[in-house]
Amino acid sequence: MNIILIGYMGSGKSTIGKKLSQILDFEYVDLDNYIEEKEKNTISGIFKTKGEIYFRKIEKKYLEEVLILPNSVISLGGGTPSYGDNMKLITEVEDSKSVYLKASIPQLVMRLKDEKNKRPLISHLKSEEQLVEFIGKHLFERSVFYNQSNVTLSVDNKSVNSIVEEVILQLF
Ligand code: S3P
């Protein structure tokens, strides 16, 4: 069985994914890291040198590869579910469950404001106000995809351990 973690940038997909995989004794796969290894470049580097359209193309290709790995917890990129038919692939892959880690706009702003450099889509935003506006609009557009997940979990003000516990309770 596979568990696929979905959510906006900064929603905790990687932290939760790592912990969950340890507890379940599953492999842990982070799609962004997988892409960086395969492409021998960072995500920011790929955006800078090849552009977002190229990134979305290879993101889909590598998504198809990771979805069929056995017994894995897979953290996707924040944008993965919202391009092409990716969400269809995610929901239709056999023996897997998708979990949307749902964080509110204020929580996302708090988590992302000091981490903009690692994230090419928000690195250009200067003020916190701009970040609030950007995330609000972007999250609204993406929610239609995120909400197709098998399970939705609110993560605001919860510890990593309690989120992991809730995921396990919901899935098993
Ligand atoms: C993106 C999110 C990033 C990464 C890329 C694009 C997005 O992943 O895939 O920078 O479109 O939201 P994280 O959600 O792990 O930051």
Side-chain angles (χ1 to χ4, degrees), residues 2-21 27-67 69 72-90 98-125 128 130-149 151-156 160 163-164 167:
N2 278 344
I3 300 173
I4 303 162
L5 299 181
I6 286 174
Y8 200 73
M9 293 176 268
S11 57
K13 301 180 294 290
S14 306
T15 314
I16 303 297
K18 272 182 215 151
K19 184 90 196 189
L20 189 61
S21 68
E27 290 299 319
Y28 174 66
V29 187
D30 181 306
L31 180 59
D32 282 342
N33 292 345
Y34 188 90
I35 294 172
E36 289 183 333
E37 274 167 30
K38 293 281 181 181
E39 293 286 305
K40 298 186 176 47
N41 199 351
T42 60
I43 300 293
S44 301
I46 298 169
F47 267 74
K48 214 172 281 166
T49 55
K50 307 234 170 122
E52 185 173 354
I53 293 175
Y54 174 81
F55 175 77
R56 295 303 171 193
K57 204 166 101 191
I58 57 160
E59 181 181 44
K60 182 191 174 61
K61 171 175 125 188
Y62 294 127
L63 170 69
E64 286 172 350
E65 291 183 14
V66 299
L67 283 180
L69 296 172
S72 306
V73 175
I74 305 163
S75 306
L76 302 183
T80 317
S82 44
Y83 287 87
D85 60 353
N86 290 355
M87 197 60 202
K88 192 166 180 283
L89 292 175
I90 294 163
S98 49
V99 179
Y100 170 26
L101 301 177
K102 184 175 184 177
S104 67
I105 298 167
Q107 283 267 308
L108 292 171
V109 171
M110 216 168 65
R111 294 180 191 192
L112 289 171
K113 67 178 183 218
D114 301 319
E115 281 195 16
K116 286 188 297 192
N117 293 345
K118 283 189 267 170
R119 291 172 160 105
L121 290 179
I122 54 172
S123 56
H124 64 289
L125 301 169
E128 197 169 317
Q130 283 180 322
L131 195 58
V132 173
E133 197 182 323
F134 181 88
I135 293 175
K137 191 164 166 274
H138 211 199
L139 186 60
F140 178 74
E141 288 164 1
R142 288 180 169 185
S143 294
V144 55
F145 300 99
Y146 295 164
N147 286 330
Q148 294 170 36
S149 304
V151 169
T152 296
L153 268 186
S154 170
V155 297
D156 279 11
V160 172
I163 297 166
V164 168
V167 173

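Numbering of ligands and ligand atoms starts at 1, following listing order.
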Go through it in stages, so that I can follow the logic: the residues are Asp30 and Lys13, the test is salt bridge (charged side-chain N to carboxylate O under 4.0 Å, His left out), and I'd like the CA-CA distance, side-chain angles, deciding distance and then a yes or no. CA-CA 9 Å; Asp30 181 306; Lys13 301 180 294 290; over 6 Å; no

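Neither the backbone nor the side chain of His138 has a heavy atom within less than 4.0 Å of ligand 1. Residue-level proximity to ligand 1 for Leu121 is carried by the side chain, the only part with a heavy atom below 4.0 angstrom. Contacts with ligand 1 closer than 4.0 Å are made by side-chain heavy atoms of Arg119 only, the backbone lying farther away.
Counting heavy atoms from C-beta on, the side chains of Tyr34 and Ile74 never come closer than 4.5 Å.
Contact atoms of ligand 1 toward Phe55: 9 (O) (distance under 4.0 Å to a heavy atom of the residue). Contact atoms of ligand 1 toward Pro120: 10 (O) (distance under 4.0 Å to a heavy atom of the residue). Against a heavy-atom cut-off of under 4.0 Å, Gly79 is close to the following atoms of ligand 1: 1 (C), 7 (C), 11 (O), 12 (O).
Distance from atom 12 (O) of ligand 1 to its nearest protein heavy atom, with residue and atom name: Arg142 NH1, 2.7 Å. Atom 6 (C) of ligand 1 has Arg56 NH2, 3.8 Å as its closest protein atom, hydrogens excluded (heavy atom only). For atom 5 (C) of ligand 1, the closest non-hydrogen atom of the protein is Ile43 CG2, 3.8 Å.
In this structure, Phe55 and Phe47 have tilted ring planes: the angle between them lies in the 30° to 60° band. A tilted orientation is assigned to the rings of Tyr146 and Tyr100, their planes being inclined by 30° to 60°.
Using a 4.0 Å cut-off between charged side-chain N and carboxylate O, Arg111 and Glu115 make no salt bridge.
Ligand 1 has a nitrogen or oxygen under 3.5 angstrom from a nitrogen or oxygen of Gly78.
Nearest residue to atom 3 (C) of ligand 1 from Leu5, Asp32, Asn33 is Asp32 (criterion: closest heavy atom).
Residue Glu36 places no heavy atom under 4.0 Å from ligand 1.
The structure places CG of Asn33 at 13.5 Å from OH of Tyr62, a figure rounded to the nearest 0.5 Å.
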